[in-house]
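What follows is a set of notes on a single structure, which appears directly below.
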Amino acid sequence: MVYATADGSALARLRIGMVGGGRNAFIGAVHRFAMRLDDKIALVAGALSSDPENAAASAADLGLAPERSYADYRAMARAEAARPDGIEAVVIVTPNHLHAPIATAFLEAGIDVICDKPLSTTLDEARALVELTAARRRKLLVTLNNTGYAMVRQAREMVASGELGRIVAVHAAYVQDWLTQPIDADGQKQAEWRTDPARAGQSAVLADIGVHAFNLACFVSGQQAETVAADLFTAVPGRRLDDNANVLVRWTGGARGTVLASQTSPGHYNDLSVRIYGEKAGLEWRGAEPEALRFSPFGEDSRTIIRGGHGSGAAARRVSRMPAAHPEGYIEAFANLYRDAAEIIQAHRAGAAIDPALSALVPDVTDGARGVQFVAAAVESNAAGGAWTNARFG
């Protein structure tokens, strides 16, 4: 299993296994689409379902060898670690409560981890994973995939280069409408587990989409949350966890702002956005129009920078596959994350140096833990009537 690099040399594909993501699971297929796009990854094993029949059928659908289809992730970790051609990394795409135990099993087996968000459902689990990753000298990367958009990386580059000046406000929002009705009570699979405290964790809306908005704000602005004051509420009567969150944030660099999340806002299918304002200029990006970045220097007309256009910079060009006006979107952004993750894991396993600039572009276990800290702080603040609460991880 090899692929050709830009200079014509050949490298082995990163051997990947997957836990979760079997038949009728939405996000597992998305991960597989993304990891195929650059042909740097080979999916060779999986524990695709806890149901043995579904696991076997799902593995057959994907062309996995029957002996490398597992009904138990612990058995998979042991067996793959013992094989000379065993997996080098595992992708975790299960409900939230299983992320930490699965990641722990594979890290202890010497296998690197790519985990869907959130990293865990508790802060203690997140801290333990940070410590275990370091102790085992492995990589644990988190698929906070919106960092892979070309114009998100352009925005990060512009902020870092000082084009906005000192940052004074950072706002992010993720607004949906798919939980406006009580479909979780009716047994809809994706809704039912996401609103179950035993599987989703302390918060539904923040663990599901709020962590994406939070991470996007951190990634673009270069700042972390210092303290938060939160108001979480449930719009649908009888729902077991919150479906809306309004969080005030004081950022470490001195900026103030908000992280908003809602899954009961009719008319919003999947509306993710980030706005960064500095002394000299502002930036706005929306996931619904991912190819465009609105740049507003103070005292001048706003301008729209288009991916692939004359205003796009090196950070955007590196992760652009098509020229301007040839649309790219969600899968390509996800694939950018996987391409960079494969390069990082392969270099690490080979004992080669990893470019710090590349590492900074892929959320890791610490970034994942910061997201868990943000959720925990928001829940604590809400319970205390919106009191300002420490949100810094570490």
Side-chain angles (χ1 to χ4, degrees), residues 141-142 144-173 212-226 249-259 272-287 289-324 328-329 332-337 339-341 343-344 353-364 366-367 370-371 392:
L141 307 177
V142 182
L144 292 156
N145 57 290
N146 297 293
T147 60
Y149 280 103
M151 300 316 288
V152 166
R153 294 196 177 181
Q154 164 107 10
R156 174 187 171 92
E157 183 180 66
M158 292 173 72
V159 171
S161 67
E163 292 190 50
L164 275 65
R166 181 176 63 87
I167 303 302
V168 297
V170 179
H171 302 284
H212 274 304
F214 170 71
N215 177 255
L216 186 63
C218 297
F219 184 81
V220 175
S221 72
Q223 303 194 28
Q224 299 298 328
E226 181 76 52
V249 184
R250 291 173 177 166
W251 302 96
T252 53
R256 304 294 176 93
T258 56
V259 174
L272 173 65
S273 64
V274 64
R275 293 172 290 137
I276 313 290
Y277 301 111
E279 291 179 313
K280 298 194 296 185
L283 280 175
E284 299 178 45
W285 178 86
R286 293 185 63 234
E289 298 175 335
E291 305 244 289
L293 180 64
R294 189 169 185 261
F295 179 49
S296 304
F298 179 71
E300 302 178 22
D301 291 337
S302 296
R303 62 197 71 163
T304 301
I305 304 171
I306 301 297
R307 185 202 58 78
H310 299 300
S312 62
R317 289 194 297 272
R318 177 182 170 273
V319 290
S320 292
R321 292 170 172 80
M322 298 292 171
E328 293 183 358
E332 290 87 350
F334 226 126
N336 290 333
L337 193 75
R339 182 176 64 186
D340 291 344
E343 185 175 335
I344 289 169
I354 301 171
D355 183 354
L358 176 64
S359 292
L361 295 175
V362 181
D364 64 8
T366 302
D367 295 304
R370 287 172 178 146
R392 292 194 72 169

Aromatic ring pairing Trp285/Tyr149, orientation class (parallel under 30°, perpendicular over 60°, tilted between): tilted
Is any side-chain N of the basic residue among Arg370 and Asp364 closer than 4.0 Å to the acidic one's carboxylate O? no
Going by atom types alone, do Arg307 and Ser312 pair a side-chain donor with an acceptor below 3.5 Å? no
Just by modelled atom types, is the His212 backbone N or O under 3.5 Å from a matching donor or acceptor in the Asn215 side chain? no
Does this structure show an ion pair linking Glu226 with Arg250, if we count only N-O contacts that are shorter than 4.0 Å? no
Could you tell me whether a side-chain N or O of Glu328 sits under 3.5 Å from a main-chain N or O of Met322, the two making a donor and an acceptor? yes
Drop me the distance from Ser296's OG to Lys280's NZ, to the nearest 0.5 angstrom. 14.5 Å
Restricting to non-hydrogen atoms, name the atom on Gly313 and the atom on Gln154 that form the minimum distance, rounded to 0.1 Å. N-OE1, 2.6 Å
Can you name the side chain to side chain contact (heavy atoms under 4.5 Å, CB included) partners of Ala169, sequence neighbours left out? His171, Tyr277
Counting distance only, does the side-chain N/O of Arg392 pair as donor-acceptor with the main-chain N or O of Ala225 below 3.5 Å? no
Could you work out, with side chain to side chain contact (heavy atoms under 4.5 Å, CB included) as the rule, every residue matching Ala155, not counting sequence neighbours? Val220, Leu283, Leu293
Please evaluate residues Asn336 and Arg318 with respect to the criterion side chain to side chain donor-acceptor pair (under 3.5 Å), reporting the C-alpha separation (whole Å), side-chain torsions for both, the decisive distance (0.1 Å), and the verdict. CA-CA 9 Å; Asn336 290 333; Arg318 177 182 170 273; over 6 Å; no
Any donor and acceptor pair, going by atom type alone, linking the side chain of Glu332 with main-chain N or O of Gly329 inside 3.5 Å? yes
Between Gln223 (side chain) and Gly253 (backbone), is there a donor-acceptor pair under 3.5 Å? yes
